[in-house]
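We name chains A, B, ... by the order of the sequence lines, and we start the count at 1 in each one. If you're wondering where the values come from, they're calculated on a predicted model, not measured in any experiment. As a basis for the values below, the full set of heavy atoms in this structure was taken, side chains included, without hydrogen atoms, waters or symmetry mates.
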Amino acid sequence: MADENEEQQTKGLSRRQFLKNSGYVVGGAVGGGLLGGVFTQNFIGTTDAPDTATEGDTTSPEQLTHARMFFKRQEDFDVLSAAVERIFPDDETGPGAISLGVPYFIDKQLAGEYGFNSREYMQGPFFEGAPTQGPQSGMLRRGIFLGGVRTIQNIAQNEHGESYFDLEPEVQDEILEAFEDGEVDMTGVASDEFFAMLRTATIEGAYSDPVYGGNYNMDGWRQIQYPGSQMAYTDVVAEEEFVEMDPVSLHDHHE
Amino acid sequence: MATELPRKEAVVVGVGWAGGIIASELAKDGIEVMGLERGAERTIDDFIMQKDELRYAVRYDLMQDLSKETLTFRNDRDMRALPMRQLGSFLLGTDLGGAGVHWNGMCPRFLPYDFEIRSQTIDRYGEDKIPEDMPLQDWGISYEDMEEHFAHFDETIGTSGEDNEMSAPRSTEYPTPPMVETPAIRLFKEASSELGLHPYQGPSANLSEAYTNPDGQTIQQCQYCSFCERFGCDYQAKSDPIITVIPTAKETGNFELRTHANVRSISYDGERTDGVYFIDMLTGEEFFQPADIVILTSYVMNNSRLLLQSEIGTPYDPDTQTGVIGKNYCYQIQTSVQGFFDRQFNMYAGAGALVGHVDDYNGDNFDHSDLDFLHGGAIRLMQTGIRPINTNPVPPGTKQWGSEFKEANAHYLFRTLSIGAEGASMPHVNNYLDLDPTYTDSLGDPLLRMTYNFTEQDRNLAAYQTERMQEIMEEMGANDIVANPDIGDYNIRPYQSTHNTGGVIMGGDPDTSAVNNYLQMWDCENLFVVGASAFAHNSGNNPTPTVGALSYRAAEGIKQYYENPGPLA
Ligand SMILES: Cc1cc2nc3c(=O)[nH]c(=O)nc-3n(C[C@H](O)[C@H](O)[C@H](O)COP(=O)(O)OP(=O)(O)OC[C@H]3O[C@@H](n4cnc5c(N)ncnc54)[C@H](O)[C@@H]3O)c2cc1C
Ligand code: SF4
């Protein structure tokens with residue numbers, strides 16, 4: 001069985017290590033999806049899984065949550081990852097979207113209520129409204145995001161002959177700017193609306209509690225000196241000097 | 001066929017602040033009350049994991065589920081009204097305690113001027129000062145008559161505050177001292193004083209110290225945890241209905257609560273009501289709850305909607321400007337000025353109602369002879385506590401993403417202060433509520449339709465307030481100041497405030513108002529409609545103390561009605 005075989009081979013190895021060992025063999029046990037995934041992981045430079053091949057499971061609980069619940073195709077997820085990394089890049093201020101787990105955050109959000117717009121009014125008839133009337137799309141967010149990343153990829157391939165995640169950062173930014181300016185044709189939603197959603201979701205992933213799979217290690221909060229969900233500020237609220245503290249998360253509120 | 005339930009003396013529709021107050025007062029008096037709440041049961045135990053910005057502030061965990069019920073909106077009658085598909089502008093409550101659980105707790109009273117706004121405007125400036133398209137009305141009661149009810153509300157919630165010569169006079173002391181003064185609030189107060197204004201620490205339902213109210217309910221001391229506005233308080237330190245009036249009602253043994261009970265209509269024979277029809281939202285079963293008296297406390301939106309749907313009272317007609325149900329829907333005008341500073345402030349700490357407050361430009365506290373608007377509003381520096389998803393202050397011209405954004409956001413997050421104004425909202429003949437002809441809720445009933453836009457009056461007031469706030473911000477020493485005096489058209493999308501008012505307004509005349517000053521319907525004497533729906537216009541202060549005071553007033557009326565049925569006014 002191919003699956004069993006794959007499982008056996010990868011057990012206890014990081015996927016990068018596994019690929020090294022297997023000498024980038026394509027076909028057989030190593031499916032194209034797996035290979036593609038590893039390539040882009042390397043490109044993005046975030047495969048910080050343990051490199052040593054040890055017996056037993058050394059994966060941390062956080063790493064175990066790094067798997068996809070919504071995006072089926074690796075390519076879609078890689079486009080998403082590259083795009084959110086441009087919105088929230090790794091730089092002198094601190095870690096970027098990918099190191100913070102933002103793509104996984106977005107994936108998990110789209111898999112649930114948020115992706116299904118489940119607490120919003122979705123009954124027809126649908127009409128285009130004035131900007132003051134708020135969103136009127138009949139499309140679910142999961143559909144908008146999927147359409148969005150595929151449109152990004154199409155532009156990259158049609159206009160630059162490469163995948164979005166292989167383009168230079170400046171070119172990636174240009175493509176995102178076209179979305180931001182509302183210049184791209186999309187189904188069911190204006191491209192500036194999609195860009196605003198993508199930007200907001202990125203910020204949510206960087207700054208929400210780590211329980212949602214982003215803001216890894218609370219590093220999103222650390223880079224802005226946000227102390228997270230402390231129980232009380234009775235002692236600091238009237239202080240003249242700025243008080244910095246190590247952030248705490250919902251995990252600390254949990255028995 | 002609806003299943004008929006055992007008769008009750010009184011039924012309360014919607015159990016938030018208004019419903020909780022009515023229920024507790026009647027139940028204490030020995031009246032058997034049934035409380036019907038469309039949402040779920042809710043207790044303090046629900047808030048252990050509440051310090052979660054994404055769940056509560058961004059994804060609206062405590063607010064109305066719009067997939068079941070929303071409203072439609074248009075700016076004017078030439079537009080097609082479309083559903084508010086996502087929450088934004090205001091955050092409607094649901095579940096036990098209503099929006100009173102996720103409110104901030106700012107507790108300023110309305111001004112004496114508010115209750116007699118028409119008479120006082122005419123007295124001071126002459127009748128011509130009131131534009132023809134502004135149906136400005138007195139409320140049929142004076143502040144003097146309301147004061148004891150305001151005091152009652154303050155005692156129940158334990159308001160923390162300090163006196164000020166510009167705010168409404170009080171017969172009693174604040175039950176608890178003001179909240180702490182933070183460096184940012186001090187800077188605001190000092191700058192305002194420098195300009196000759198009268199700043200003070202805003203009245204708050206986040207209590208400065210533990211307090212036990214006359215009903216025996218205890219509210220704890222606020223920890224300035226900053227997960228307050230849009231959250232339920234895990235400390236029991238923010239007064240809300242589920243820790244005050246609802247337990248009080250329950251303890252009498254005369255109050256029965258039924259949750260997931262969504263009221264669809266009020267039974268009405270043209271003169272009186274005999275009870276209400278509701279659906280159990282868990283099972284889909286339909287029930288009839290008979291009652292001697294019905295009290296609608298289902299917030300501004302459903303108070304109007306249930307009356308329109310049950311055909312009680314005459315719907316407002318904007319063409320003829322007759323009829324009363326849906327009339328004088330008002331909101332508020334929110335403007336703000338941002339200042340960027342060199343120093344950092346501990347703005348991650350705060351509380352829902354931690355504010356420096358200035359009333360010098362509120363109500364008729366300043367001369368309007370040469371101004372092109374009436375009323376005004378509170379000007380404040382609020383320290384509600386910065387949370388990072390919803391607050392990303394960057395100077396104008398900064399790119400909204402990428403490294404430039406990241407760096408500016410990290411630098412300015414705690415170096416930005418904001419002053420806000422809560423502008424009063426005067427009624428306009430074209431701003432009103434009625435039933436939507438197209439869209440329905442999950443039960444198939446028509447949605448409420450809101451027709452609303454900002455008026456000339458609103459735009460002029462906003463521009464004026466912005467200039468005043470700019471003066472204060474300059475005095476505070478900000479390096480860069482961002483102000484936008486132009487409010488444009490009303491937009492249902494960005495959060496503004498959950499200070500919606502009107503639709504079932506009170507007054508002294510059945511031709512121009514729906515309820516009398518006990519909030520008893522002119523057209524149905526055993527039906528009381530309680531809440532901010534009764535406001536004939538909206539003031540420049542937060543609504544809930546006035547909602548609370550009117551609820552105590554209505555409860556008094558209902559008790560009198562029990563003794564002596566008939567019109568109370
Ligand atoms: C984020 C936020 C901050 C706020 N901050 C402040 C503040 O600082 N100061 C201030 O004064 N005010 C504030 N408010 C406003 C304040 O919350 C409201 O004025 C107050 O809660 C109104 O009380 P109410 O009882 O009239 O209505 P609600 O609290 O809305 O209660 C109405 C109840 O009726 C129920 N209901 C509705 N329809 C039906 C039906 N058909 N059948 C059965 N039940 C029904 C609802 O589920 C709800 O529980 C704030 C509001 C929000 C959302
Ligand atoms: S700020 Fe105070 S009142 Fe508000 S939630 Fe925190 S402890 Fe409660």
Side-chain angles (χ1 to χ4, degrees), chain A residues 86-89 91-94 96 109 113-114 117-123 125-127 129-137 173 176 180 199-200 202-204 206-209 211-212 220-221 223-234 236-243 250 253-254, chain B residues 48-49 51-54 58-60 65-67 69-70 73-75 79-80 82-88 180-183 222-227 343-346 348-351 354 383 385-389 392 400-403 406-407 409-410 413-414 438-440 489-493:
Chain A
R86 291 316 301 152
I87 292 174
F88 203 89
D91 59 20
E92 278 167 22
T93 307
Q109 289 290 307
E113 277 199 359
Y114 170 84
N117 303 51
S118 63
R119 295 178 72 234
E120 292 161 17
Y121 189 82
M122 297 303 283
Q123 288 182 44
F126 291 93
F127 298 102
T132 56
Q133 291 177 300
Q136 293 297 330
S137 174
D173 284 0
L176 290 184
E180 186 182 23
R199 176 190 175 274
T200 305
T202 307
I203 296 210
E204 287 168 1
Y207 295 149
S208 62
D209 193 278
V211 74
Y212 296 100
W221 289 343
Q223 59 187 295
I224 52 171
Q225 296 176 301
Y226 180 69
S229 55
Q230 308 277 339
M231 283 308 283
Y233 292 121
T234 334
V236 271
V237 68
E239 278 293 312
E240 286 288 340
E241 294 302 313
F242 187 73
V243 182
L250 282 177
H253 301 248
H254 191 64
Chain B
I48 301 307
M49 301 297 283
K51 296 188 193 315
D52 182 345
E53 181 183 13
L54 188 72
V58 181
R59 302 276 189 263
Y60 311 121
D65 178 352
L66 299 191
S67 73
E69 175 184 342
T70 183
F73 162 72
R74 56 184 181 173
N75 285 109
M79 252 166 103
R80 187 206 305 263
L82 294 176
M84 174 174 82
R85 297 189 179 276
Q86 299 173 10
L87 282 167
V180 298
E181 190 180 71
T182 68
C222 174
Q223 304 295 309
Y224 303 96
C225 80
S226 89
F227 285 84
R343 63 178 280 205
Q344 281 180 307
F345 298 85
N346 289 313
Y348 52 75
L354 183 60
Q383 186 161 348
I386 283 180
R387 294 180 301 266
I389 299 173
N392 313 115
Q400 288 296 310
W401 50 283
S403 283
K406 273 188 75 186
E407 192 188 336
N409 186 42
L413 187 60
F414 298 117
T438 310
Y439 292 95
T440 61
D489 287 320
Y490 171 66
N491 184 334
I492 198 125
R493 201 165 186 180

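Here the shortest heavy-atom pairing between B:Ser403 and A:Asp91 reads OG-OD2, 2.6 Å. The two atoms that bring A:Ile224 and B:Pro388 nearest to each other are CD1-CB, 3.7 Å, heavy atoms only. Smallest separation of non-hydrogen atoms from B:Lys406 and A:Phe88: CE-CE2, 3.6 Å. Taking both residues in full, the closest heavy atoms of B:Asn346 and A:Val243 are given as OD1-N, 2.8 Å, listed atom of the first, atom of the second, then distance. When all heavy atoms of B:Leu54 and A:Gln109 are compared, the pair lying nearest together is CD2-NE2, 3.8 Å. For the residue pair B:Asp65 and A:Ser118, the shortest heavy atom distance occurs at OD1-O, 4.2 Å.
Only the backbone of B:Glu181 has a heavy atom closer than 4.5 Å to any heavy atom of chain A. Of the two parts of B:Phe414, only the side chain, counted from C-beta on, holds a non-hydrogen atom closer than 4.5 Å to a non-hydrogen atom of chain A. Only the backbone of A:Glu241 comes within less than 4.5 Å of a heavy atom of chain B; no side-chain atom from C-beta onward does. Residue contact with chain A, scored on non-hydrogen atoms closer than 4.5 Å, involves the backbone and the side chain of B:Arg387 alike. Within the 4.5 angstrom heavy-atom criterion, atoms from both the backbone and the side chain of A:Gln225 approach chain B. Within the 4.5 angstrom heavy-atom criterion, no atom of A:Thr200 approaches chain B. Neither the backbone nor the side chain of B:Leu87 has a heavy atom closer than 4.5 Å to any heavy atom of chain A. Interface remark: A:Pro125 contributes backbone and side-chain atoms alike to the contact with chain B (heavy atom separation under 4.5 Å). Only the side chain of A:Tyr212 comes within contact range of chain B, with at least one heavy atom under 4.5 Å from a heavy atom of that chain. Proximity to chain B is limited to the backbone of A:Met122, based on heavy atoms less than 4.5 angstrom apart.
By number of non-hydrogen pairs under 4.5 angstrom with chain B, the leading residue of A:Gln230, A:Gln223, A:Met231 is A:Met231. With chain A as partner, the option from B:Val180, B:Thr182, B:Val58 having the largest number of non-hydrogen pairs under 4.5 angstrom is B:Thr182. Contacts with chain B were tallied for A:Ser208, A:Gly134, A:Gly129, A:Gly220; A:Ser208 has the most, counting heavy-atom pairs under 4.5 Å. Most heavy-atom pairs under 4.5 Å with chain B, from the set A:Glu92, A:His253, A:Glu113: that is A:His253. Among the candidates B:Met84, B:Glu53, B:Met79, the residue making the largest number of heavy-atom pairs closer than 4.5 Å to chain A is B:Met79.
Relative orientation of the A:Tyr233 and B:Tyr348 rings is tilted, given thresholds of 30° and 60° on the angle between their planes.
Here A:Glu240 contributes atom CD and B:Phe345 contributes atom CZ; the two are 8.5 Å apart, rounded to the nearest 0.5 Å. Residue B:Asn409 holds its CG atom at 4.0 Å from OH of A:Tyr207, rounded to the nearest 0.5 Å. To the nearest 0.5 Å, atoms CG (B:Asp52) and CG (A:Asp209) are separated by 6.0 Å. B:Asn392 contributes atom CG, which lies 6.0 Å from atom CZ of A:Arg199 (distance to the nearest 0.5 angstrom).
Side-chain contact between A:Gln136 and B:Pro83: present, with at least one pair of heavy atoms (C-beta onward) separated by less than 4.5 Å. Within the 4.5 Å cutoff, the side chain of A:Asn117 has no heavy atoms near those of the B:Arg85 side chain. Between B:Trp401 and A:Leu176, the closest side-chain pair of non-hydrogen atoms falls below 4.5 Å. A:Val236 places none of its side-chain heavy atoms less than 4.5 Å from the side chain of B:Tyr224. Contact check for A:Pro135 versus B:Arg493: side-chain heavy atoms found under the 4.5 Å cut-off.
A:Thr132 and B:Asn75 are linked by a side-chain donor-acceptor pair at a separation below 3.5 angstrom, with hydrogens and angles left out of the test.
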(request) Verify side-chain contact (heavy atoms from CB on, under 4.5 Å) between A:Gln123 and B:Thr440, making sure each step is shown before the conclusion. (result) CA-CA 9 Å; A:Gln123 288 182 44; B:Thr440 61; 3.8 Å; yes
(request) Kindly determine whether B:Leu82 and A:Tyr121 satisfy side-chain contact (heavy atoms from CB on, under 4.5 Å), including the steps that lead there. (result) CA-CA 11 Å; B:Leu82 294 176; A:Tyr121 189 82; over 6 Å; no
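A:Glu204 meets the salt bridge (charged side-chain N to carboxylate O under 4.0 Å, His left out) test with B:Arg59; sequence neighbours excluded. With sequence neighbours left out, the side chain to side chain contact (heavy atoms under 4.5 Å, CB included) criterion links A:Ala232 to A:Thr234, B:Gln223, B:Tyr235.
Heavy atoms from other residues, nucleotides or ligands lying under 6.0 Å from CD of B:Gln86 number more than 12.
Cation-pi geometry between B:Arg80 and A:Phe127 is satisfied (NZ or CZ under 6.0 Å from the ring centre, within 45° of the ring normal).
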